[in-house]
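All values reported here derive from a predicted model rather than from experimental measurement. Each ligand, and each atom within it, is numbered from 1 in the order the structure gives.
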Amino acid sequence: MEDKKILFSAVQPSGILTLGNYLGALRNFTALQNDFNGIFALADLHTLTVKQEPAVLRQNTYELTALYLACGIDPEKSILFAQSHVSAHAELSWILNTITYPGELSRMTQFKDKSRNHEDNINMGLMDYPVLMAADILLYQTELVPVGADQKQHLELARDIAIRFNNRYGETFKVPEAYISKSTARIMSLSEPDRKMSKSDANLNAFISMNDDKDTVIKKFKRAVTDSDNSVVFDPENKPGISNLLSIYCAVTGKTVKEAENEFSGKGYGDFKLAVGEAVSSVIEPIRLKKNDLLKNKDYLDDVLSIGASKAERLAYRTLGKVYKKVGLVPRKRV
Ligand code: ATP
Ligand code: LTN
């Protein structure tokens, strides 16, 4: 690996990704992979914390692998792999569990939200989710973790765990920093603009799926909830719907908010929504087509994941070996 800082992130193969996942996470991964040693995982073990249909999880894992590649992750430059293929993740999370307290986990916002949404399955994995996430990050001596704003609390816990381990056992882990890109940190729902856009939303009109074709994208933006004021102005407090559409429009066109406001001054919401739909579709349509093409060749996707896992494993076991030694486990004699 080149002498660059390590960047790590992961996405769960828990369904078809949304425009929020793309703008808040995946797009940044691709942009950063030249300046860092990028390591990107499919967090399939995390996905099991919510009930999954096994065949669907398998298919979603291939979907996400293809999407990573279609978005521009280059397996020659970056490491792309499935978390479950590198057993060091589960092993380190056990060790980190021994220095993490239940109170720290039960007050995590995501745990509380998911417990509310999955009342019939509040399992230990759901509560332990952030510890596995800390293991993901710390195994690679990661410096930077690009994520959406909803993951900030988990990142802070990963930092606390790293610092605690280092204090107790001596310098072992790099303490990672979050990278949260300001304008796209929290893309909101198109139906309830005070909630984050989420792929698990029961209302299909609330989110743009990365699988939506042009007509669907345009239809969904046409239906997006706005206000009755009819002026395209960025004001998240009083005009959350329009402000969310402006953020999306600027993110996909590269225009500033001022430029976008000027462009639509004197025009109605109808024109604006159509322009947002067209701009979004022109970005996600080529990605969707490329992803579908890649999905036809599962052998290739298996090869990419296999090469990625071998590279990741080498780095991960270096850290895990150090950790086992520091905590006092006797190294296994190889005969
Ligand atoms: P779910 O919605 O099913 O709970 P999720 O989409 O929040 O799942 P992941 O798929 O693991 O969870 O998220 C992948 C990445 O996308 C994370 O970095 C997360 O912060 C980011 N992300 C998710 N939703 C948004 C959003 N609405 N805006 C910006 N970033 C987001
Ligand atoms: N919890 C994350 C996915 C994730 C992750 C990670 C992100 C799992 N492990 C390590 C960054 C670093 C989410 O986005 N829901």
**Request:** Without swapping roles, check the side chain of K326 against the backbone of E171 for a donor-acceptor pair under 3.5 Å.
**Result:**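 Yes: the side chain of K326 pairs with the backbone of E171.
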Under 3.5 Å, is there a donor on one side chain and an acceptor on the other for [X] and [Y]?
X    : Y    : result
E259 : Y249 : no
E91  : Y317 : yes
S191 : N203 : yes

**Message:** Just to be sure I understand the cut-off, which residues have at least one non-hydrogen atom under 4.0 angstrom from an atom of ligand 1?
**Reply:**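 The answer is V11, Q12, G20, N21, G24, A25, K114, V147, G148, D150, Q151, T184, A185, R186, I187, K196, M197, S198, K199, S200, counting any residue whose heavy atom sits under 4.0 Å from ligand 1.
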Give every pair formed by an N or O atom of ligand 2 and a protein N or O atom closer than 3.5 Å, one pair per line with both atom names and the distance to 0.1 Å, or write none.
| residue | atom | partner | partner atom | Å |
| --- | --- | --- | --- | --- |
| ligand 2 | 1 (N) | Y129 | OH | 2.6 |
| ligand 2 | 1 (N) | Q151 | OE1 | 3.1 |
| ligand 2 | 9 (N) | D136 | OD2 | 2.7 |
| ligand 2 | 15 (N) | Y129 | OH | 3.1 |
| ligand 2 | 15 (N) | Q151 | NE2 | 3.1 |

**Message:** Does anything in residues 8-43 form a ring-ring contact (aromatic ring centres under 6.0 Å, His included)? List the pairs, not counting sequence neighbours.
**Reply:**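 Output for this query lists F8-Y140, F29-F40.
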**Request:** Spell out, yes or no, whether I16 and V11 are grouped together once hydrophobic residues are joined by side-chain heavy atoms under 4.5 Å, including indirect joins.
**Result:**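 Hydrophobic grouping puts I16 apart from V11.
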**Item:** Of K152, Q151, E156, the residue whose pairing with H154 passes side chain to side chain donor-acceptor pair (under 3.5 Å)
**Value:**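 Among K152, Q151, E156, the one that satisfies the side chain to side chain donor-acceptor pair (under 3.5 Å) with H154 is Q151.
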**Asked** Does any pair with a residue in residues 29-39 pass side chain to side chain donor-acceptor pair (under 3.5 Å), and if so which ones, sequence neighbours excluded?
**Response**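 Every pair satisfying side chain to side chain donor-acceptor pair (under 3.5 Å) with a residue in residues 29-39: Q33-S78, N34-K77.
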**Prompt:** What about F111 and Y129, are their ring centers closer than 6.0 Å?
**Reply:**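 So the answer is no for these two rings.
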